[in-house]
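Note sheet for the following structure.
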Amino acid sequence: MPNATTARRYWLVKSEPDCFSYDDLLASPKQTTCWSGVRNYQARNFMRDMKKGDGVLFYYSSAEPPGVVGVAEVVREAYPDGTARDPKDDHYDPKSTEANPIWEMVDIKAVERFDNFLPLNDLRQVRALEGMELLKRGSRLSVQPVSAKEWETICRMGRG
DNA sequence: GCCAACGTTGGC
DNA sequence: GCCAACGTTGGC
């Protein structure tokens with residue numbers, strides 16, 4: 001019997017396809033990548049909540065059009081994001097130390113590219129997705145939770 | 001390229 | 001602890 005601590009949960013992560021695309025994920029060793037570079041506390045806290053096996057929607061932001069491209073899953077739970085301590089990295093944060101790394105990341109692995117790319121504008125038309133974090137005005141969170149109902153709706157749409 | 005929305009910073 | 005200024009995100 002699943003309970004709150006064992007039930008599979010669902011998330012959405014944003015990536016600019018010019019920066020890291022679903023193809024890039026597929027081309028990565030074991031089709032797995034670390035999700036480094038998140039520098040927002042709320043987003044980091046959501047990553048801390050991620051458990052192995054949780055579902056992840058892969059979303060293209062700043063794309064033409066923006067939308068959901070496919071699905072990945074969490075294969076490693078939160079651990080320190082070393083890029084925060086690399087002065088040469090774009091996401092360098094001098095406040096991050098070995099003793100207190102501040103920023104964390106998870107590893108995600110490709111699961112399925114949708115047959116249908118799901119443009120943001122199409123998602124906005126769907127009743128079952130009303131209230132979804134992604135669709136809220138001014139929503140900028142790069143890591144956000146997705147409800148089971150939203151997950152099922154989007155997967156069904158993506159598979160056509 | 002514009003700009004609304006939001007988070008962060010820093011003076012007080 | 002308030003809040004104005006500033007920087008960033010991301011849709012359009």
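In the text below, chain A, chain B and the rest are named by the order of the sequence lines, each starting its count at 1.
Within the structure, the salt bridge (charged side-chain N to carboxylate O under 4.0 Å, His left out) test picks out the following pairs touching residues 12-32 of chain A (sequence neighbours left out): A:Asp23-A:Arg113. Identified under the ring-ring contact (aromatic ring centres under 6.0 Å, His included) test for residues 115-160 of chain A, with sequence neighbours left out: A:Tyr10-A:Trp151.
Every residue meeting the side chain to side chain donor-acceptor pair (under 3.5 Å) condition with A:Lys95, not counting sequence neighbours, appears here in chain and number order: A:Asp93. Qualifying ring pair (Phe, Tyr, Trp, His ring centres under 6.0 Å) partners for A:Tyr22, counting only residues two or more places apart in sequence or in other chains: A:Phe58.
The residue A:Tyr60 sits apart from the nucleic acid: no heavy atom pair falls under 4.0 Å.
Within residues 116-126 of chain A, the residues approached by DNA chain C to less than 4.0 Å at the level of any non-hydrogen atom are A:Leu120, A:Arg124, in residue-number order.
Side chain of A:Glu130 to backbone of A:Val126: no donor-acceptor contact under 3.5 angstrom is found.
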With a cut-off of 3.5 Å and sequence neighbours excluded, list every side-chain donor-acceptor pair involving residues 152-160 of chain A.
{"residue": "A:Thr153", "atom": "OG1", "partner": "A:Lys149", "partner atom": "O", "Å": "2.8"}
{"residue": "A:Arg159", "atom": "NE", "partner": "A:Glu112", "partner atom": "OE1", "Å": "3.3"}
{"residue": "A:Arg159", "atom": "NE", "partner": "A:Glu112", "partner atom": "OE2", "Å": "2.9"}
{"residue": "A:Arg159", "atom": "NH2", "partner": "A:Glu112", "partner atom": "OE1", "Å": "2.9"}

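In this structure, the CD atom of A:Glu133 is 15 Å from the C1' atom of C:dG11, given to the nearest Å. Atom pair A:Leu134:CG and C:dG11:C1' shows a separation of 11 Å (rounding to whole Å applied).
In the hydrophobic clustering, A:Trp103 connects to A:Tyr41, A:Ile102, either directly or through intervening members, whenever side-chain heavy atoms lie under 4.5 Å apart. A:Met105 forms part of a hydrophobic cluster together with A:Tyr79, judged by ILVMFWY side-chain heavy-atom separations under 4.5 Å.
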query: Reading nucleotides 2-9 of chain C from the 5' end, what letters show protein touch, with B for base, S for backbone sugar-phosphate only, - for no heavy atom under 4.0 Å?
result: -----BBB
